[in-house]
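As the structure is a prediction and not an experimental result, all values here were calculated from the model.
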Amino acid sequence: MKIKKIKYLIIGGGVTGLSFASYLKSEDYLILEKESEVGGYCRTIYKKDFIWDYAGHFFHFADKEIKEMFLKDIPEEELIFKEKNTKIFFHETLIDYPFQKNIHQLKKEDFIECLYYLFNKEEKERYENFEEMLYGKFGKGITESFLKPYNEKLYACELNKLDVNSMGRFFPYADIKEVISNMKNNNNNNSSYNNTFLYPKKGAKVFIDSLLTKLDKNNIKLNTAVKEIDKKRKVIKTEVEEIEYEYLINTSPFNKFIEMVDKRDEVYTSNKVLVFNLGFNKKSLYEDTHWIYYPEKELNFYRVGFYDNILDFNKASLYVEIGFKEGAIINVEEELKKTLINLKKVGIIDEHELEEYSTLVMNPAYVHVSKESNENFEMVEKELNNSQIYTAGRYGAWKYCSIEDNVIEARDLAYKLDRG
């Protein structure tokens with residue numbers, strides 16, 4: 001069965017897809033979402049007293065228009081404002097994030113090691129990959145103490161496979177002058193793009209709900225996966241129907257999308273992340289920290305976040321993130337056992353009882369941005385645009401970006417196509 005032609009056919013009902021539709025003047029749009037609810041990874045789980053997101057999502061707004069929209073749609077009393085307090089667990093102690101700006105907080109021998117190589121690093125005008133850049137800009141000490149082991153755990157790949165700018169503005173660079181200044185002033189300079197954040201008391205889903213108020217729910221089809229795309233006929237196929245479109249907007253993972261369009265076998269790789277949301281019977285032993293980074297290979301997780309310290313809740317409510325290679329088979333029960341042991345080892349819990357938990361696997365989670373993937377994407381994107389196909393968002397455009405970046409990209413694309 002073929003339905004009438006849709007002007008704007010949107011694949012994916014996550015932040016980018018919903019935002020694109022919300023900025024359209026036209027009401028001739030249709031969102032196809034393969035899951036039973038919209039939101040993508042920006043969804044929230046409610047279990048008894050615990051509020052957990054699919055992954056840690058915190059809102060940092062630099063764009064005035066988007067911030068005003070967010071604050072207008074969500075009552076102020078339903079929001080929490082926090083100055084970010086994040087730490088790094090290193091050699092049994094905590095230091096302030098980012099590591100490279102706070103090496104003066106390390107034990108003497110570790111500090112000397114990092115400082116020595118920082119002054120004796122061999123910089124280049126141009127670096128070939130992410131790993132080479134780390135050694136060139138920060139030296140062996142800082143790189144091998146934190147930057148390399150942590151990012152290897154996060155991305156679950158060799159760092160020489162990643163592009164120099166794979167993390168863009170989100171990577172906290174620091175030169176020698178900044179490092180030394182931070183030591184002298186002891187100002188714990190943790191400044192970054194997201195030094196403060198907003199968070200809804202009822203979780204990230206509140207942001208999705210605010211977007212839904214701007215949309216016609218009859219223009220959203222849930223439990224609908226795209227099976228095939230014919231760009232010449234401008235038709236997509238689902239399990240039950242064909243849909244003709246004028247403009248196709250993709251926000252689903254680009255590696256899977258391009259297979260449906262051109263049957264290409266391009267090299268777009270990523271990791272996957274196992275997320276445990278854990279609720280305990282009492283507060284954790286950290287009462288003011290928002291999240292902690294763990295570079296040690298012996299620990300299975302790379303980051304632990306504290307919802308209870310963000311929501312001012314009286315029981316430990318954690319998210320725990322564990323990185324895996326794309327094709328890894330994950331033994332969830334085994335990882336949960338390891339996680340509980342390691343949470344005790346690092347001092348987050350002691351005799352705590354686990355009251356509730358939820359498990360999910362993000363796949364893809366962090367995309368591997370490489371020189372090859374950038375070049376391929378740029379070439380393919382031009383071809384797609386010529387066929388009135390546009391692909392956007394963190395996964396649709398295969399890049400590292402924030403929730404706000406997704407909204408901005410969706411807004412700009414909607415203005416370009418719908419408002420001229």
Side-chain angles (χ1 to χ4, degrees), residues 44 48-53 55-61 76-107 110 146 150 154 170 172 174 182-183 185-204 206 275-296 299 301-322 339-340 342-357 402:
T44 303
K48 290 188 178 178
D49 297 330
F50 298 100
I51 297 173
W52 302 315
D53 290 332
H57 289 301
F58 307 104
F59 297 89
H60 325 278
F61 295 110
E76 187 176 348
E77 62 271 18
E78 293 298 319
L79 290 170
I80 290 174
F81 174 86
K82 292 286 185 181
E83 290 189 12
K84 188 179 72 174
N85 181 14
T86 56
K87 304 289 184 181
I88 296 164
F89 185 86
F90 184 77
H91 290 184
E92 308 300 322
T93 61
L94 292 179
I95 72 164
D96 287 313
Y97 178 89
F99 187 92
Q100 50 270 40
K101 289 187 180 181
N102 293 293
I103 59 174
H104 60 286
Q105 297 176 11
L106 299 173
K107 293 176 182 177
D110 295 321
F146 177 73
Y150 176 77
L154 172 70
F170 302 94
N182 216 34
M183 294 178 198
N185 299 324
N186 196 31
N187 58 8
N188 296 337
N189 183 7
N190 303 330
S191 60
S192 63
Y193 82 99
N194 60 350
N195 207 36
T196 61
F197 63 88
L198 287 166
Y199 188 70
K201 291 180 180 179
K202 293 183 180 178
V206 172
V275 180
F276 287 122
N277 289 309
L278 307 175
F280 295 91
N281 64 328
K282 58 181 180 178
K283 286 287 287 185
S284 79
L285 304 183
Y286 295 105
E287 295 192 353
D288 61 352
T289 306
H290 298 136
W291 55 88
I292 302 175
Y293 303 92
Y294 294 89
E296 282 86 352
L299 302 171
F301 44 75
Y302 62 81
R303 180 166 56 190
V304 176
F306 300 80
Y307 284 120
D308 51 311
N309 294 339
I310 294 167
L311 296 171
D312 300 319
F313 186 52
N314 61 3
K315 294 180 181 181
S317 180
L318 313 176
Y319 67 87
V320 180
E321 297 173 326
I322 307 167
T339 295
L340 294 174
N342 286 332
L343 288 174
K344 287 185 178 180
K345 183 186 288 187
V346 300
I348 291 177
I349 60 173
D350 48 23
E351 300 305 316
H352 290 63
E353 294 179 11
L354 185 63
E355 289 190 348
E356 295 287 344
Y357 75 94
S402 69

query = Got a donor-acceptor contact below 3.5 angstrom from the His290 side chain to the Asn85 backbone?
reply = yes
remark   = Looking only at heavy atoms, the pair that brings Leu94 and Lys87 closest together is CD2-CB, 4.1 Å
task = First locate atom OG1 of Thr86, then atom CD1 of Ile95, and finally report the distance between them rounded to the nearest 0.5 Å.
result = 10.5 Å
request  = Specify the closest pair of heavy atoms between Ile348 and Tyr286, including all atoms of both residues, with the distance to one decimal.
outcome  = CG1-CE1, 3.5 Å
request  = Answer whether the closest heavy-atom distance between the side chains of Ile322 and Phe276 falls below 4.5 Å.
outcome  = yes
task = Would you give the length of the straight line joining atom CD1 of Ile310 to atom NZ of Lys82, rounded to the nearest 0.5 angstrom?
result = 8.0 Å
request  = Look only at the side chain of Asn309 and the backbone of Thr289, and say whether a donor-acceptor pair between them is shorter than 3.5 Å.
outcome  = yes
request  = Check step by step if side chain to side chain contact (heavy atoms under 4.5 Å, CB included) holds for Asn182 and Gln105.
outcome  = CA-CA 10 Å; Asn182 216 34; Gln105 297 176 11; 6.0 Å; no
task = Give the ring-plane orientation class for Tyr319 versus Phe58, where under 30° counts as parallel, over 60° as perpendicular and anything between as tilted.
result = tilted
inquiry  = Any non-hydrogen side-chain atom of Ile88 less than 4.5 Å from a side-chain atom of Pro295?
reply    = yes
note = Closest non-hydrogen atoms of His352 and Ser284, given as atom of the first, atom of the second and distance, are NE2-CA, 3.7 Å
request  = Could you check Ile80 against Lys201 for side chain to side chain contact (heavy atoms under 4.5 Å, CB included), going step by step and ending with a plain yes or no?
outcome  = CA-CA 6 Å; Ile80 290 174; Lys201 291 180 180 179; 3.8 Å; yes
request  = Return yes when atom CD of Glu83 has more than 12 non-hydrogen atoms of other residues, nucleotides or ligands closer than 6.0 Å, and no otherwise.
outcome  = no
ask   = What distance do Tyr97 atom OH and Ile292 atom CD1 have between them, rounded to the nearest 0.5 Å?
value = 14.0 Å
message = How long is the straight-line distance from OH of Tyr199 back to CZ of Phe59, given to the nearest 0.5 Å?
response = 8.0 Å
task = Mind listing the closest non-hydrogen atom pair of Val346 and Phe301 along with its distance?
result = CG2-CZ, 4.4 Å
request  = Give a yes or no on whether the backbone of Ala204 and the side-chain of Thr44 come within a donor-acceptor separation of less than 3.5 Å.
outcome  = yes
ask   = Do any N or O atoms from the side chain of His60 and from the backbone of Thr196 form a donor-acceptor pair under 3.5 angstrom?
value = yes
inquiry  = Applying side chain to side chain contact (heavy atoms under 4.5 Å, CB included) to Asp288 and Phe306, what does each step give before you reach the verdict?
reply    = CA-CA 9 Å; Asp288 61 352; Phe306 300 80; over 6 Å; no
ask   = For Glu353, does its backbone N or O pair with a side-chain atom of Lys282 as donor and acceptor, under 3.5 Å?
value = no
query = With no hydrogens and no angle check, is any side-chain donor or acceptor of Asn102 less than 3.5 Å from a backbone partner on Asp96?
reply = yes
remark   = Separation between CG (Asn281) and CD1 (Ile349), nearest 0.5 Å, reads 9.5 Å
query = Are any non-hydrogen side-chain atoms of Glu296 and Phe89 less than 4.5 angstrom apart?
reply = yes
ask   = Side chains of Tyr357 and Asn277: does their closest heavy-atom pair fall under 4.5 Å?
value = no
query = Looking at side-chain heavy atoms only, is the closest gap between Lys315 and Phe280 below 4.5 Å?
reply = no
Closest non-hydrogen atom pair between Asp350 and Lys344, with its separation = O-CE, 2.9 Å
query = In this structure, are over 12 heavy atoms from other groups packed under 6.0 Å from Glu78 atom CD?
reply = yes
task = Would you indicate whether the side-chain heavy atoms of Ile103 and Met183 approach each other to under 4.5 Å?
result = yes
query = Hey, which of Phe99, Tyr150, Phe146, Tyr294 is the one that makes ring-ring contact (aromatic ring centres under 6.0 Å, His included) with Phe90?
reply = Phe99
note = Closest non-hydrogen atoms of Trp52 and Tyr307, given as atom of the first, atom of the second and distance, are CD1-CD1, 3.6 Å
ask   = So does Lys48 pair up with Glu355, basic N to acidic O under 4.0 Å?
value = no
key: Side-chain heavy-atom pair Ile51, Phe313 within 4.5 angstrom cut-off   = no
